[in-house]
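As structure tokens, the structure follows; a few thoughts come after it.
Every value quoted in this text rests on a predicted model; they were computed, and no experiment measured them. Quick note on labels: first sequence line is chain A, next is B, and so on, each numbered from 1.
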Number of protein chains: 2
Amino acid sequence: MTEGDRTRRRDAAATRQALLAAAAELFTARGFDRTSVRDIAALAEVNQALVFRYFGSKEELLGAVLTAPGREIVATTPPEELLTRLVGEIFAGEPGGPGANLLLMALSGPQDGGAAEALDREVAAPLRAALRSLTDDPSADLRAELVCAWLLGIALVRQIRLDGPVAKTDPAEVTPVVLDAVTRLLTDG
Amino acid sequence: MTEGDRTRRRDAAATRQALLAAAAELFTARGFDRTSVRDIAALAEVNQALVFRYFGSKEELLGAVLTAPGREIVATTPPEELLTRLVGEIFAGEPGGPGANLLLMALSGPQDGGAAEALDREVAAPLRAALRSLTDDPSADLRAELVCAWLLGIALVRQIRLDGPVAKTDPAEVTPVVLDAVTRLLTDG
DNA sequence: GTATGGCGTAAGCACCCGCTGACAACGTAC
DNA sequence: GTACGTTGTCAGCGGGTGCTTACGCCATAC
């Protein structure tokens with residue numbers, strides 16, 4: 001309607017970004033399958049055909065949404081701080097909203113589309129490697145994956161049980177509890 | 001074809017059970033949304049209209065599948081053994097197959113259909129209550145839910161990363177590690 | 001033998017989905 | 001000012017979905 005809208009339209013990068021943001025929000029809230037391309041486009045206030053112009057398919061859009069933020073965290077954080085950083089990120093965002101909880105998407109998404117594999121490769125695998133290096137226990141692999149499993153579970157419960165203590169307790173109180181338990185799990189023989 | 005088939009057909013209880021089993025298998029393997037009623041009926045070798053005759057809707061079928069086994073465990077196990085029992089169940093079944101991993105369904109299923117709520121009410125809530133009673137820590141609620149989150153994460157990782165150590169390590173080796181860490185998490189101030 | 005009621009079957013409705021292709025509007029380069 | 005490439009619009013396709021409805025079929029009761 002307004003001229004301001006007119007000037008901001010016809011901007012490929014902006015629409016691409018709007019689609020990414022809308023997709024992240026809806027995928028996180030409802031899961032992949034329960035989100036339609038038309039819903040994403042509507043939230044982004046963009047024609048639905050543009051999803052396919054810019055991302056090729058709904059699955060590739062999921063891939064783009066999934067890998068972006070996690071990869072950034074892993075890339076910009078030294079291994080020895082990765083655990084603390086990730087726990088912090090998990091408890092940083094609003095429980096219901098988007099944030100570190102992109103994991104849910106990978107679970108509800110297509111198993112064969114490579115999205116879950118991409119997330120594992122880009123985010124979880126480096127984390128496991130970093131955790132493994134913190135202990136010399138012979139079962140380091142197992143313990144590292146147990147820690148990852150815990151983080152996954154915490155992120156999910158925070159997302160699902162919005163009224164539970166994991167979601168509601170002050171992060172400053174929860175974080176040390178988790179980090180403590182993880183540390184002991186890793187450092188005990 | 002054979003007479004044996006003829007006699008076993010036209011048996012309401014048997015077809016109901018066949019549908020339940022088929023639904024459990026497919027829901028667990030693919031998730032709720034990626035499983036169609038026609039797929040379930042085909043696996044059960046039953047006409048798809050019978051799903052609606054016996055269960056009313058696809059969601060109610062999910063509800064029936066979800067609550068049955070978990071509720072049985074909770075009902076038949078005294079609170080003080082519930083944690084050990086559940087950890088045992090999680091590591092008992094085959095990693096890829098059905099078993100204690102019905103949780104995945106609740107996550108990928110409809111959030112508003114009450115299936116996840118039913119699972120929480122029938123299974124998770126009693127578990128949390130049992131865990132809470134094991135500690136007199138002021139943050140007992142939080143710690144109990146953190147434990148639940150861990151179990152959820154472990155069950156999921158076992159399901160998702162079939163080649164990972166959580167899925168492949170001998171349960172007899174993993175179980176004490178988990179139980180140890182949980183106990184310390186609960187009993188530490 | 002025949003009526004009755006539960007069981008299984010076939011066909012299809014109405015809808016939503018991911019995705020496509022042709023076309024219009026726009027901004028820019030010349 | 002005109003040609004051109006990019007961006008956005010629109011209608012619709014092919015197909016899958018949950019679910020319904022009307023209808024045969026069989027076992028039993030009488």
Side-chain angles (χ1 to χ4, degrees), chain A residues 1-23 26-27 30-65 105 108-115, chain B residues 1-23 26-27 30-65 105 108-115:
Chain A
M1 282 290 192
T2 76
E3 292 152 12
D5 288 331
R6 280 283 165 92
T7 55
R8 204 167 304 164
R9 256 158 58 168
R10 296 195 72 76
D11 182 342
T15 47
R16 226 191 98 102
Q17 205 56 38
L19 282 172
L20 268 177
L26 292 179
F27 285 161
R30 309 182 198 166
F32 180 78
D33 286 312
R34 303 186 90 76
T35 303
S36 78
V37 171
R38 287 171 172 85
D39 289 340
I40 297 168
L43 181 62
E45 293 181 337
V46 149
N47 192 285
Q48 55 95 20
L50 296 179
V51 168
F52 302 96
R53 184 181 324 260
Y54 289 122
F55 297 96
S57 73
K58 187 188 173 189
E59 276 193 25
E60 291 176 84
L61 172 57
L62 172 65
V65 169
M105 296 187 251
S108 63
Q111 263 94 1
D112 51 353
Chain B
M1 280 294 191
T2 75
E3 294 154 10
D5 287 332
R6 280 284 164 95
T7 55
R8 203 165 305 164
R9 255 158 60 165
R10 298 193 72 76
D11 180 344
T15 48
R16 226 192 97 101
Q17 205 56 37
L19 282 171
L20 267 177
L26 292 179
F27 285 161
R30 308 182 198 167
F32 180 78
D33 287 313
R34 304 187 88 78
T35 302
S36 77
V37 171
R38 287 169 173 84
D39 289 340
I40 297 168
L43 182 62
E45 294 180 338
V46 150
N47 191 285
Q48 55 95 20
L50 296 180
V51 168
F52 302 96
R53 186 185 319 264
Y54 290 123
F55 297 95
S57 73
K58 187 187 172 190
E59 276 191 27
E60 291 176 85
L61 173 57
L62 171 65
V65 169
M105 296 186 250
S108 62
Q111 264 95 1
D112 51 353

In whole angstrom, give the distance that lies between atom [atom1] of [X] and atom [atom2] of [N].
{"X": "B/Leu19", "N": "C/dG8", "atom1": "CG", "atom2": "C1'", "result": "12 Å"}
{"X": "B/Phe55", "N": "D/dC19", "atom1": "CZ", "atom2": "C1'", "result": "16 Å"}
{"X": "B/Glu59", "N": "D/dG18", "atom1": "CD", "atom2": "C1'", "result": "11 Å"}
{"X": "B/Arg34", "N": "D/dT17", "atom1": "CZ", "atom2": "P", "result": "11 Å"}
{"X": "B/Phe52", "N": "D/dT17", "atom1": "CZ", "atom2": "P", "result": "11 Å"}
{"X": "A/Asp11", "N": "D/dT6", "atom1": "CG", "atom2": "C1'", "result": "12 Å"}
{"X": "A/Arg53", "N": "C/dT20", "atom1": "CZ", "atom2": "C1'", "result": "11 Å"}
{"X": "A/Leu50", "N": "D/dT7", "atom1": "CG", "atom2": "P", "result": "10 Å"}

Open item on the list: When the axes are fitted on five pairs at both termini, how much does the helix from C/dG8-D/dC23 to C/dC30-D/dG1 curve, in 10° steps?
Closed with: 20°

Task: Members of residues 36-49 of chain B that approach DNA chain D, where some heavy atom sits under 4.0 Å away - done: B/Ser36, B/Val37, B/Arg38, B/Gln48, B/Ala49

Task: Which nucleotide in D/dT7, C/dG8, C/dC19 has an atom nearest any side-chain atom of B/Tyr54 - done: C/dG8

Tell me the closest heavy-atom pair linking [X] and [Y], and the distance in Å.
{"X": "A/Thr35", "Y": "A/Leu26", "value": "OG1-O, 3.4 Å"}
{"X": "B/Ala41", "Y": "B/Leu19", "value": "CA-CD2, 4.2 Å"}
{"X": "B/Ile40", "Y": "B/Ala22", "value": "O-CB, 3.6 Å"}

Task: Under-4.0 Å side-chain N/O to phosphate OP1/OP2 contact, A/Thr15 with D/dT7 - done: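 Indeed not, no polar side-chain atom of A/Thr15 lies that close.
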
Open item on the list: If the condition is side-chain hydrogen bond (donor to acceptor under 3.5 Å, both in side chains), which residues does B/Glu60 pass it with, not counting sequence neighbours?
Closed with: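 By the side-chain hydrogen bond (donor to acceptor under 3.5 Å, both in side chains) rule, B/Glu60 matches B/Ser57.
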
Could you pull out all donor-acceptor pairs under 3.5 Å where a side-chain atom in residues 44-52 of chain A meets a protein atom, sequence neighbours excluded?
{"residue": "A/Asn47", "atom": "OD1", "partner": "A/Ala49", "partner atom": "N", "Å": "2.9"}

Task: Among B/Leu62, B/Val65, B/Leu20, the one residue meeting side chain to side chain contact (heavy atoms under 4.5 Å, CB included) with B/Phe55 - done: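 For B/Phe55, the side chain to side chain contact (heavy atoms under 4.5 Å, CB included) test succeeds with only one of B/Leu62, B/Val65, B/Leu20, which is B/Leu20.
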
Open item on the list: For the residue pair A/Lys58 and A/Phe32, would you count it as a cation-pi contact if the rule is NZ or CZ under 6.0 angstrom from the ring centre and within 45 degrees of the ring axis?
Closed with: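 Checked: cation-pi criterion met.
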
Open item on the list: With heavy-atom distances below 4.5 Å as the criterion, would you say the side chains of A/Leu61 and A/Val37 are in contact?
Closed with: no

